[in-house]
Visitor: 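Dropping a structure here in structure tokens format, bear with me for questions.
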Number of protein chains: 2
Amino acid sequence: MKKSAIRVLQSLQQAGGFASAQEVHQLITGKGDRIGLTTIYRALQSLQEEKLVDVLRREDGEAIYRLCGEAHHHHLVCKKCGRTVEIYGGAIEKWADAVADEYSFREVEHSADLFGTCSQC
Amino acid sequence: MKKSAIRVLQSLQQAGGFASAQEVHQLITGKGDRIGLTTIYRALQSLQEEKLVDVLRREDGEAIYRLCGEAHHHHLVCKKCGRTVEIYGGAIEKWADAVADEYSFREVEHSADLFGTCSQC
DNA sequence: ATGAAAACGACAATCATTTTCATTTCTGGT
DNA sequence: ACCAGAAATGAAAATGATTGTCGTTTTCAT
């Protein structure tokens with residue numbers, strides 16, 4: 001395992017959830033360590049191939065990464081102020097599994113996010 | 001409805017499934033009609049806002065669009081061959097409502113899509 | 001016909017990501 | 001320690017999708 005990959009893994013752990021390549025880069029350089037953005041991208045690709053990180057896409061198409069096995073969650077986002085609540089667990093996992101089973105899909109992942117107006121707005 | 005939007009809708013109908021902005025452009029210009037790529041993008045954005053087309057992302061992040069029915073639904077997409085199943089109704093609406101209620105959010109919308117490997121891949 | 005507003009599209013700008021390539025760091029063998 | 005070759009690094013350029021700009025064209029009500 002390359003040492004750059006290890007640094008990226010540690011950043012993802014620190015981030016605690018999803019992070020884009022740029023965010024990982026800022027997390028590392030923000031501590032004073034020096035690393036190139038190119039290296040981040042290469043490390044993330046290796047980690048993907050080794051199945052140590054998952055990749056998903058934001059709505060704008062930007063790739064976001066997270067440690068595999070980390071409890072994933074969903075988001076409840078206020079359309080006006082941007083306040084975000086993380087939602088863990090719940091019925092949606094069962095729903096996803098049931099649907100996957102019904103249509104004989106394997107290795108099914110899901111993304112689900114809620115958008116509304118929060119109580120303060 | 002703008003006439004460019006209509007031409008884009010017809011192309012999507014002709015495509016029969018998902019198509020990227022570039023593919024829509026080729027479908028139209030390939031018939032000899034002239035239209036700018038910029039106009040395609042704008043038309044697709046309008047159609048999205050009017051909820052006449054769905055948008056998803058290919059694995060490389062490119063946006064792909066498709067005609068969608070009136071009814072609110074979700075997608076089960078095969079990561080390998082792109083085959084898509086539309087999922088109607090189900091537990092997820094209740095889940096969304098319950099979560100919204102728990103955090104006192106109003107006017108909550110949701111998006112939820114499943115990605116996996118279909119039985120033929 | 002005419003003038004305002006909307007739509008159009010060529011081109012440039014932006015942004016994430018990949019490629020290139022010169023430089024630096026690691027490696028094993030002597 | 002020394003040295004050559006391999007691997008890793010990162011700055012800069014290239015790429016490709018998408019968006020912004022702005023001058024031109026079309027639409028449409030009067």
Side-chain angles (χ1 to χ4, degrees), chain A residues 1-12 15 17-67 75 79 82 111 113, chain B residues 1-12 15 17-68 77 79 82 111 113 115:
Chain A
M1 167 97 68
K2 288 187 269 190
K3 70 171 194 285
S4 61
I6 292 174
R7 288 203 280 170
V8 168
L9 278 182
Q10 288 172 340
S11 294
L12 285 177
F18 285 107
S20 67
Q22 317 265 349
E23 287 162 355
V24 167
H25 185 237
Q26 287 176 340
L27 276 175
I28 294 179
T29 56
K31 293 187 307 188
D33 294 0
R34 307 219 292 97
I35 193 170
L37 189 53
T38 310
T39 304
I40 305 280
Y41 276 107
R42 275 194 287 241
L44 285 170
Q45 262 184 309
S46 306
L47 291 169
Q48 233 180 294
E49 282 157 16
E50 297 171 60
K51 300 206 187 309
L52 292 174
V53 306
D54 274 345
V55 63
L56 281 180
R57 296 266 167 190
R58 291 216 173 107
E59 276 196 39
D60 66 354
E62 188 180 10
I64 49 179
Y65 307 83
R66 80 163 175 217
L67 291 182
H75 294 116
K79 285 187 205 172
S111 70
D113 295 293
Chain B
M1 166 99 66
K2 291 184 269 191
K3 70 170 194 284
S4 61
I6 292 173
R7 289 203 280 169
V8 167
L9 277 183
Q10 288 171 339
S11 294
L12 285 176
F18 285 107
S20 67
Q22 317 265 351
E23 287 162 357
V24 169
H25 185 239
Q26 287 175 343
L27 276 175
I28 295 179
T29 55
K31 293 186 308 189
D33 295 359
R34 309 220 288 95
I35 193 171
L37 189 52
T38 310
T39 304
I40 305 281
Y41 276 107
R42 275 193 290 241
L44 286 169
Q45 258 182 313
S46 307
L47 291 169
Q48 232 181 294
E49 282 157 16
E50 297 170 60
K51 302 206 189 307
L52 292 175
V53 306
D54 274 345
V55 61
L56 282 179
R57 296 268 168 189
R58 292 219 172 102
E59 279 198 34
D60 66 355
E62 188 181 9
I64 50 180
Y65 306 84
R66 188 182 68 164
L67 290 182
C68 79
V77 185
K79 284 187 200 174
S111 71
D113 296 293
F115 304 92

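In what follows, chains carry the letters A, B, and so on, assigned in the order in which the sequence lines appear, proteins first and then strands, with residues in each chain numbered from 1. The figures here come from the full heavy-atom set of this structure, side chains too, leaving out hydrogens, waters and symmetry mates.
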Visitor: Given atom CD1 of B:I35 and atom C1' of C:dA10, what is their separation to the nearest angstrom?
Guide: 14 Å

Visitor: Provide, to the nearest angstrom, the distance between the CZ atom belonging to B:R34 and the C1' atom belonging to C:dA7.
Guide: 15 Å

Visitor: Which atoms form the tightest heavy-atom contact between B:I40 and B:I28, and what is the distance?
Guide: CD1-CD1, 4.0 Å

Visitor: Can you name the side-chain hydrogen bond (donor to acceptor under 3.5 Å, both in side chains) partners of A:E62, sequence neighbours left out?
Guide: A:S20, A:R58

Visitor: State the pairing partner of D:dT30; accept Watson-Crick or G-U wobble contacts with both distances under 3.5 Å, and report none otherwise.
Guide: C:dA1

Visitor: Please report the closest heavy-atom contact between B:V53 and B:Q48, naming both atoms and the distance.
Guide: CG2-N, 3.7 Å

Visitor: Which of these passes side chain to side chain contact (heavy atoms under 4.5 Å, CB included) with B:Y65: B:V55, B:D54, B:V24?
Guide: B:V55

Visitor: Answer yes or no: is there a donor N or O on one side and an acceptor on the other, between the side chain of A:R66 and the main chain of A:L12, under 3.5 Å?
Guide: no

Visitor: Would you say a side-chain N or O of B:T39 is under 4.0 Å from OP1 or OP2 of C:dG9?
Guide: yes

Visitor: Give every pair of a protein N or O atom and an N or O atom of nucleotides 25-28 of chain D that lie under 3.5 Å apart, one pair per line with the distance.
Guide:
none

Visitor: Just how far is it from atom CG of A:L47 to atom CD1 of A:I6, taken to the nearest 0.5 Å?
Guide: 9.5 Å

Visitor: Grab the CD1-P distance between B:I28 and C:dC8 for me, whole Å please.
Guide: 11 Å

Visitor: Restricting to non-hydrogen atoms, name the atom on B:L37 and the atom on B:A21 that form the minimum distance, rounded to 0.1 Å.
Guide: CD1-O, 4.1 Å

Visitor: Pull out every protein N or O sitting under 3.5 Å from an N or O of nucleotides 13-19 of chain C, one pair per line with the distance.
Guide:
residue	atom	partner	partner atom	Å
C:dT17	OP1	A:A63	N	2.8
C:dT17	OP2	A:Y41	OH	2.7
C:dT17	O5'	A:Y41	OH	3.4

Visitor: Whole Å only: how far is the CD1 atom of B:I40 from the P atom of D:dA17?
Guide: 14 Å

Visitor: Would you find a donor on one side and an acceptor on the other, under 3.5 Å apart, between the side chain of A:H25 and the backbone of A:I35?
Guide: yes

Visitor: Nearest whole Å is fine: how far is D:dT19 C1' from B:Q48 CD?
Guide: 14 Å

